[in-house]
Amino acid sequence: MTAKKKPKVYITRKLPDAVETRMRELFDAELNIDDAPRSVPELIAAVKTADVLVPTVTDRIDAALIEQAGPQMKLIASFSNGTDHIDVEAAARKGITVTNTPNVLTEDTADMTMALILAVPRRLGEGARVLTDKPGEWAGWSPTWMLGRRIHGKRIGIVGMGRIGTAVARRAKAFGLSIHYHNRKRVNPAVEDELEATYWESLDQMLARVDIVSVNCPSTPATFHLISARRLALLQPTAYLVNTARGDVVDEAALIKCLREGRIAGAGLDVFENEPAVNPRLIKLANEGKVVLLPHMSSATIEGRVDMGDKVIINIRTFIDGHRPPNRVLPGR
């Protein structure tokens, strides 16, 4: 009996060794050993010959690219939670199934969100640089030096109360913050009771009344610049904004203007509107202690990446076996 031919799987970035090893065992997998981002011509060549494409959030899988796919290409198994980098509707029209890796990065992202919620008001970045940038110049403890803001007792407004937003709320409550949230719809009453959370149907009204804003909603056409210049103007001058979701949810230029003019107290950003480019004005603000910047690392744990890889493998195997993959993404979702 002839052995069943392994599907050809093209992986756009380097994945954890354990994931790549398993991929090679199960599939005819083409790896990206040097981890260099693939160019558009390379991606076009891949979709013309591969059975399965495994992209990441840094790959733009748009309609033009999908249209180039060969007839054998039937699955895009994204190594990501979000799918805003993929034109899911174009894939559906081409008869290509799209999957993602949800429910894996929730706790890791919530941890880093909480870290930024602490880092910005308590000036952790500035404090660390005092010891590393000018060693030996620290004069010692002083009653009025490096004063930040207490977060206990403050109000946090969570924009997007999905899995990550809810996980952030649980952490924030443990730190003594009062939970407020805006979402397309109210969360389960049991969760609301557990968190003692206040629901705001109006995002504008919530923003005007909270001390810390945590952006945790997905990137969609409806959330592009959701935190706009007008909405940033609603924040109190003592308020802080933290974004670990997607850069384009916040109007970055307007945020920079607010920070520069002192109309909000500070910001913590793990994502940027034009990644991997970071606006030089943000870097200048970071050097001045007005913002904490991280290089899109909120989900970066070994455990999280391996779990993502496992989900990609399960999605591919299920699809190849003729079944509906567990993490299929439908158009319009």
Side-chain angles (χ1 to χ4, degrees), residues 1-13 15-16 18-31 43 46-109 160 162-164 166 184-185 188 217-222 299 303-333:
M1 181 179 293
T2 304
K4 186 177 179 181
K5 183 181 177 182
K6 292 181 179 180
K8 182 170 178 151
V9 176
Y10 185 92
I11 303 159
T12 66
R13 299 298 295 266
L15 305 182
V19 175
E20 290 186 338
T21 299
R22 189 64 176 145
M23 289 270 198
R24 290 294 297 272
E25 290 172 350
L26 295 170
F27 316 124
D28 176 13
E30 183 172 341
L31 308 179
L43 291 173
V47 299
K48 284 181 179 295
T49 59
D51 301 303
V52 180
L53 178 69
V54 180
T56 70
V57 293
T58 61
D59 302 301
R60 183 170 172 77
I61 313 301
D62 58 15
L65 176 65
I66 290 168
E67 190 55 38
Q68 299 286 327
Q72 82 297 327
M73 175 81 180
K74 294 298 180 185
L75 177 65
I76 299 172
S78 189
F79 186 88
S80 65
N81 182 38
T83 54
D84 47 291
H85 58 298
I86 302 171
D87 191 326
V88 179
E89 285 76 14
R93 290 195 298 270
K94 189 79 173 177
I96 298 173
T97 297
V98 176
T99 64
N100 65 341
T101 61
N103 306 326
V104 171
L105 306 176
T106 299
E107 303 303 328
D108 298 329
T109 304
R163 288 182 295 267
I164 294 173
T166 301
R184 287 180 300 174
K185 59 182 180 180
N188 186 292
C217 59
S219 174
T220 68
S299 64
E303 297 87 348
R305 295 292 188 250
V306 170
D307 288 346
M308 290 172 72
D310 288 344
K311 277 188 176 284
V312 170
I313 290 169
I314 289 170
N315 282 322
I316 296 173
R317 292 193 70 182
T318 306
F319 183 83
I320 295 300
D321 288 342
H323 304 292
R324 176 173 174 160
N327 304 124
R328 182 183 179 190
V329 178
L330 297 175
R333 292 291 181 88

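Just so you know, residue 1 is the first one in the sequence shown, and it goes up from there. Computation of the quantities below employed the complete heavy-atom set of this structure, encompassing side-chain atoms and omitting hydrogens, waters and symmetry-equivalent molecules.
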Please assess Asp59 against Thr12 for the test side chain to side chain donor-acceptor pair (under 3.5 Å), listing each intermediate value before the final yes or no. CA-CA 8 Å; Asp59 302 301; Thr12 66; 2.5 Å; yes

Step by step, work out the side chain to side chain contact (heavy atoms under 4.5 Å, CB included) result for Ile61 and Ile66. CA-CA 7 Å; Ile61 313 301; Ile66 290 168; 3.9 Å; yes

Starting from the C-alpha separation in whole Å, work towards a yes-or-no answer on side chain to side chain contact (heavy atoms under 4.5 Å, CB included) for Ile96 and Met73. CA-CA 7 Å; Ile96 298 173; Met73 175 81 180; 4.0 Å; yes

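A heavy-atom distance below 4.5 Å is not found between the side chains of Pro16 and Met308. Under the 4.5 Å side-chain criterion, counting only non-hydrogen atoms from C-beta, Ile316 is in contact with Phe27. Looking at heavy atoms from C-beta onward, Val88 lies out of side-chain contact with Leu330 at the 4.5 angstrom threshold. Proximity of Thr49 to Lys8: side-chain heavy atoms (C-beta onward) are separated by under 4.5 Å at one or more points. In this structure, Phe319 and Arg328 have side chains that are not in contact, with every pair of non-hydrogen atoms separated by 4.5 Å or more. No side-chain heavy atom of Thr99 sits less than 4.5 Å from a side-chain heavy atom of Ile76. When side chains are defined from C-beta on, Thr318 counts as touching Pro326, because their heavy atoms get closer than 4.5 Å. Between Arg163 and Asn103, the closest side-chain pair of non-hydrogen atoms falls below 4.5 Å.
The side-chain hydrogen bond (donor to acceptor under 3.5 Å, both in side chains) analysis of residues 63-72, with sequence neighbours excluded, yields the pairs Lys48-Gln68.
Crowding of Arg13 atom CZ: a count of heavy atoms from other residues, nucleotides or ligands under 6.0 Å exceeding 12.
Note: Ile320 CD1 to Lys6 NZ = 13.0 Å, rounded to the nearest 0.5 Å. One distance of note links CG of Asp51 with CG of Asp28; it measures 8.5 Å at 0.5 Å rounding. Note that CG of Leu53 is 6.5 Å distant from CG of Leu43, once rounded to the nearest 0.5 Å. Distance check, rounded to the nearest 0.5 Å: CG of Leu105 to CD of Glu303 gives 11.5 Å. The distance from the CG atom of Asn100 to the CD1 atom of Ile86 is 8.0 Å, given to the nearest 0.5 Å. Ser78 OG to Asp84 CG: the interatomic distance, rounded to the nearest 0.5 Å, is 9.0 Å.
Counting all heavy atoms, side chain and backbone alike, Asn81 lies closest to Pro102 at OD1-CA, 3.2 Å. Closest of all the heavy-atom pairs between Ala77 and Pro55 is O-CD, 3.8 Å. Closest approach of Met23 to Val312, counting heavy atoms only: CE-CG1, 3.6 Å. Closest non-hydrogen pair, Tyr10 versus Ala50, comes out as CB-CB, 4.0 Å. For the pair Leu65 and Asp62, the tightest heavy-atom approach, listed with the atom from each and the gap, is N-OD1, 2.9 Å. Nearest approach of Ser299 to Thr109, heavy atoms of both residues: CB-OG1, 3.9 Å.
Asn327 and Asn315 are linked by a side-chain donor-acceptor pair at a separation below 3.5 angstrom, with hydrogens and angles left out of the test. No donor-acceptor contact under 3.5 angstrom links the side chains of Arg324 and Thr97, judged on distance only. Donor-acceptor pairing under 3.5 Å is lacking for the side chains of Thr56 and His85.
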